[in-house]
2 protein chains.
Amino acid sequence: MVKVQGAQGDWRAARRRSARDAIVGAAWALVERDGLAALTLRDLAREAGITTPTVYAYFDSKTAIYDAMFGQAAEHFGDLMAAIPDSGDVRADLIEATYRFAEYCLHNPARYQLLFQRTIPDFEPSPQSYAHAVAALGRARDRLDKAGISEPRHLDLWTALTTGLVDQQISNDPGGDRWLRLVEEAVDMFLTHCASTSTAAVEAPKRKRARQ
Amino acid sequence: MVKVQGAQGDWRAARRRSARDAIVGAAWALVERDGLAALTLRDLAREAGITTPTVYAYFDSKTAIYDAMFGQAAEHFGDLMAAIPDSGDVRADLIEATYRFAEYCLHNPARYQLLFQRTIPDFEPSPQSYAHAVAALGRARDRLDKAGISEPRHLDLWTALTTGLVDQQISNDPGGDRWLRLVEEAVDMFLTHCASTSTAAVEAPKRKRARQ
DNA sequence: GTCTATAGCTGGATAGAC
DNA sequence: GTCTATCCAGCTATAGAC
């Protein structure tokens, strides 16, 4: 039996892809409920309405499933970043982007954990899946670039600020909005800071401090 | 055989405590090397130079070990916060405090994970251990209070900012200083912001936005 | 591709001698 | 308190019939 390209091959490939997607979907349902580390193949198979060996017909290993989840989450995240409107109002757009990012993470804490924290032992995304993540972060960077934030230091400060808000929200007030409602204030703080320091060499006379 | 208070009882209690400390110490060594989730009782016993059943002579369960680790880490963290000098220079003290916090977390990522993230399935600190954590955070808050930062919003913004820096550093540049070297800039940004908004009701006309 | 059945292993926890 | 020996549950992964 030789694999044939063409209509039938596409068909099978599509079926296979949708079966894979169904399994990954079941995996998301489970990890959103029980936590990322609690995923087992037994539970996964049951949730997907199949048996464990069938899972292995579509994925080589449990790690391969995490990898598919990682790639999918990164892709979704990239789409989210790309879909943020560009009204021309820097402040409004940045606030909107941050809300969307925060809400994405808050509504999908497992995705946040998989994408932005390193908590699964022995799991590292494949180059392929990681490329999705890099692309998504590139989109986020473009977005900031449009807002006039282009200095690497500012970009890093921005990621620290936004992920910090999200992290505190998830860890210490899940389901609430204690940190979420600080988004606008944080954006203002950040923009003010950038405006006052982005003029090239304002490397103020700070005492040097070699650490780490 | 009746337990007797007094010199001999103290003696035994002290021995028992030091044995417990040795086990917890071995646990730290392992989790700093292999990650918090990778801890097993077999490895732990080997590292401590004992056998698994002996571990159970000192701890009721694996969770009890995590709990002891949590309490110890919280206590250490509290000591760290209490030891920060109070020079009267708000900016310098805050920078120093942040550096110490960041370095503590960076040098002990497992402690950071245990204290500030919720990643171990089914583990929740006992009220007793949690009390240590609350006390430590209280000390950190007192520290900010002295610096004139007392509004709850500002405190929350501060925790988001600092943990965000640490989190990015650990996740994306372990062993480096890409985010660590932004500490002074972040402190300045934060202090400037507080100075310009702490005057009571500067609740600027921001569009209301009901989310979550 | 899907199942039943099970291998092979590792984990937390315990029994019982000393 | 400490050990040897072991239980039992849960896991990932595979063999082999259909």
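If you're wondering where the values come from, they're calculated on a predicted model, not measured in any experiment.
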Listing, residues 34-45 of chain B side-chain donor-acceptor contacts under 3.5 Å, not counting sequence neighbours, or none:
| residue | atom | partner | partner atom | Å |
| --- | --- | --- | --- | --- |
| Thr40(B) | OG1 | Asp43(B) | N | 3.2 |
| Thr40(B) | OG1 | Asp43(B) | OD2 | 3.3 |

On DNA chain D, reading 5' to 3', which nucleotide is the first and which the last to sit with an atom under 4.0 Å from a heavy atom of chain B, could you check?
dG1(D) to dA5(D)
Who passes side-chain hydrogen bond (donor to acceptor under 3.5 Å, both in side chains) against Thr52(A), sequence neighbours left out?
none
Tell me, please, which residues at least two apart from [X] pass side-chain contact (heavy atoms from CB on, under 4.5 Å).
X         : value
Asp89(B)  : Ser87(B), Arg91(B), Ala92(B)
Ala136(B) : Phe77(B)
Asp145(B) : Ser150(B)
Val24(A)  : Trp28(A), Phe59(A), Ala68(A), Met69(A), Gln72(A)

If you count the non-hydrogen atoms of other residues, nucleotides and ligands that lie under 6.0 Å from [atom1] in [X], is the total more than 12?
X         : atom1 : value
Phe123(A) : CZ    : yes
Asp173(B) : CG    : yes
Arg46(A)  : CZ    : no

Here the ring pair (Phe, Tyr, Trp, His ring centres under 6.0 Å) pairs for residues 166-186 of chain A, sequence neighbours left out, are none
Identify, residue by residue, the members of [range] with a heavy atom below 4.0 Å from DNA chain C, and return them in order of residue number, or none.
range                     : answer
residues 17-27 of chain B : none
residues 30-45 of chain B : Leu39(B), Thr40(B), Leu41(B), Arg42(B)
residues 50-62 of chain B : Pro53(B), Tyr56(B), Ser61(B), Lys62(B)

Can you give me the closest heavy-atom contact between Ala83(B) and Arg100(B), atom names plus distance?
O-NH1, 3.3 Å
Which part of the nucleic acid does Arg16(B) contact within heavy-atom distance under 4.0 Å: base, sugar-phosphate only, or nothing?
sugar-phosphate
Anything under 3.5 Å between a donor and an acceptor, one on a side chain of residues 154-167 of chain A, the other on a protein residue two or more places apart or in another chain? List them.
| residue | atom | partner | partner atom | Å |
| --- | --- | --- | --- | --- |
| His154(A) | NE2 | Thr197(A) | OG1 | 3.1 |
| Asp156(A) | OD1 | Arg178(B) | NE | 3.4 |
| Asp156(A) | OD1 | Arg178(B) | NH2 | 2.8 |
| Asp156(A) | OD2 | Arg178(B) | NE | 2.8 |
| Thr159(A) | OG1 | Asp156(A) | O | 2.8 |
| Thr162(A) | OG1 | Trp158(A) | O | 2.9 |
| Thr162(A) | OG1 | Thr159(A) | O | 3.3 |
| Thr163(A) | OG1 | Thr159(A) | O | 2.7 |
| Thr163(A) | OG1 | Ala160(A) | O | 3.4 |
| Thr163(A) | OG1 | Gln168(B) | NE2 | 3.2 |
| Asp167(A) | OD1 | Tyr112(A) | OH | 2.9 |
| Asp167(A) | OD1 | Gln117(A) | NE2 | 3.2 |

